[in-house]
Colleague: 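Got a structure here, written out as structure tokens. Questions coming.
Just so it is clear, the values below take in all heavy atoms, side chains as well, and ignore hydrogens, waters and symmetry mates. Just so it is clear, the structure is predicted and the values come from calculations on it, not from any experiment. Position 1 is the first residue of the sequence; numbering continues from there.
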Amino acid sequence: MQDLDKIIWRDALTLVDFFASWCGPCRMMHPVIDRFKEQMNGRADVYKIDVDDRQTASFTDRYRIASVPTLIFFRRGEILWRRSGMIGYEELVRVLEQLEKSERVEQS
């Protein structure tokens, strides 16, 4: 748990994918997230958190993860962008590019 807090409190943009192994849309998102992590080559750190893992339950509760998949971009502990549900690779890249320019993305 402390490691997760250290991760999101760094200066780096950090994408956290809250997922569940039983979730079909989550499984469909895994290739998108994996591609994003590989192609962005360090522009954002990417972590996956299983919402059913008891060790991360307080972290999941703190961010009120009610549905999966839920993606959150953090920097210095602040939520810069959040979305539940599926998202395409290109849209995820656009979100990252906007965050690199402005520190926050307007939610639609």
Side-chain angles (χ1 to χ4, degrees):
M1 187 61 205
Q2 290 177 344
D3 290 340
L4 293 173
D5 283 323
K6 288 179 187 176
I7 288 167
I8 67 166
W9 278 93
R10 295 175 308 132
D11 283 336
L13 279 169
T14 304
L15 174 65
V16 178
D17 172 20
F18 292 90
F19 76 97
S21 58
W22 48 263
C23 167
C26 297
R27 287 193 302 269
M28 292 171 54
M29 282 297 301
H30 284 313
V32 172
I33 300 298
D34 293 342
R35 179 179 173 204
F36 179 81
K37 182 177 182 176
E38 181 181 310
Q39 295 294 315
M40 293 305 101
N41 196 27
R43 288 171 55 192
D45 295 330
V46 179
Y47 295 90
K48 296 179 182 180
I49 295 179
D50 187 340
V51 298
D52 292 327
D53 183 344
R54 291 177 191 241
Q55 294 179 351
T56 60
S58 61
F59 193 78
T60 301
D61 291 344
R62 182 186 324 158
Y63 293 102
R64 296 183 174 105
I65 305 302
S67 63
V68 286
T70 294
L71 304 173
I72 302 177
F73 269 106
F74 291 94
R75 179 181 273 156
R76 295 180 214 97
E78 182 180 3
I79 295 174
L80 303 178
W81 176 89
R82 177 182 178 135
R83 163 113 24 110
S84 294
M86 296 183 58
I87 182 173
Y89 172 79
E90 291 78 14
E91 186 175 354
L92 199 53
V93 170
R94 279 193 297 274
V95 169
L96 175 63
E97 289 170 349
Q98 288 178 334
L99 288 172
E100 289 173 330
K101 293 176 187 174
S102 68
E103 286 286 319
R104 189 169 297 281
V105 176
E106 293 302 318
Q107 302 295 310
S108 55

Colleague: Just list the side-chain donor-acceptor pairs under 3.5 Å for residues 18-26, sequence neighbours left out, or say none.
Modeller:
{"residue": "W22", "atom": "NE1", "partner": "D52", "partner atom": "OD2", "Å": "2.6"}

Colleague: Would a 4.5 Å heavy-atom cut-off, applied to side chains only, mark V51 and T70 as touching?
Modeller: no

Colleague: Drop me the distance from K48's NZ to L15's CG, to the nearest 0.5 angstrom.
Modeller: 10.0 Å

Colleague: Check side chain to side chain contact (heavy atoms under 4.5 Å, CB included) between E90 and all other residues, then give those that pass, not counting sequence neighbours.
Modeller: R35, R94

Colleague: Does D11 have any salt bridge (Lys or Arg N to Asp or Glu O under 4.0 Å) partners at least two apart in sequence or in another chain, and if so, which?
Modeller: R76

Colleague: Hey, are the side chains of I65 and F59 touching, using non-hydrogen atoms and a 4.5 Å cut-off?
Modeller: no

Colleague: Which residues satisfy the salt bridge (Lys or Arg N to Asp or Glu O under 4.0 Å) test with D45, sequence neighbours excluded?
Modeller: R10

Colleague: What residues, two or more places apart in sequence or in another chain, satisfy side chain to side chain donor-acceptor pair (under 3.5 Å) together with T14?
Modeller: none

Colleague: Check whether more than 12 heavy atoms from other residues, nucleotides or ligands sit under 6.0 Å from atom CG of N41, and answer yes or no.
Modeller: no

Colleague: Kindly indicate whether the side chain of Y63, heavy atoms from C-beta on, has any atom under 4.5 Å from the side chain of V16.
Modeller: no

Colleague: Of all heavy-atom pairs between R82 and R64, which one has the smallest distance, and what is that distance?
Modeller: NH2-O, 3.0 Å

Colleague: I'd like to know whether CE of M28 has more than 12 heavy-atom contacts from other residues, nucleotides or ligands below 6.0 angstrom.
Modeller: no

Colleague: Just wondering, do L92 and I33 contact through their side chains at under 4.5 Å, heavy atoms?
Modeller: yes

Colleague: Could you work out, with side chain to side chain contact (heavy atoms under 4.5 Å, CB included) as the rule, every residue matching M40, not counting sequence neighbours?
Modeller: F36, R43, Y89, V93, L96

Colleague: Can you tell me if NZ on K37 sees more than 12 non-hydrogen neighbours from other groups inside 6.0 Å?
Modeller: no

Colleague: Please report the interatomic distance CD1(I87) to CG(D17), rounded to the nearest 0.5 Å.
Modeller: 11.0 Å

Colleague: Less than 4.5 Å apart, any side-chain heavy atom of I72 and any of W81?
Modeller: no

Colleague: Within this structure, what is the NE2-CZ distance for the pair H30 and R27, rounded to the nearest 0.5 Å?
Modeller: 8.0 Å

Colleague: What is the distance from atom CG of L4 to atom OG of S58, rounded to the nearest 0.5 Å?
Modeller: 8.5 Å

Colleague: Excluding sequence neighbours, so at least two apart, what forms side chain to side chain donor-acceptor pair (under 3.5 Å) with D53?
Modeller: none

Colleague: Would you say the side chain of D50 lies within less than 4.5 Å of the side chain of T56, judging by non-hydrogen atoms?
Modeller: no

Colleague: Please determine whether side-chain contact (heavy atoms from CB on, under 4.5 Å) holds for the pair L80 and F74, giving the CA-CA distance in whole Å, both sets of side-chain angles, and the decisive distance to 0.1 Å.
Modeller: CA-CA 6 Å; L80 303 178; F74 291 94; over 6 Å; no

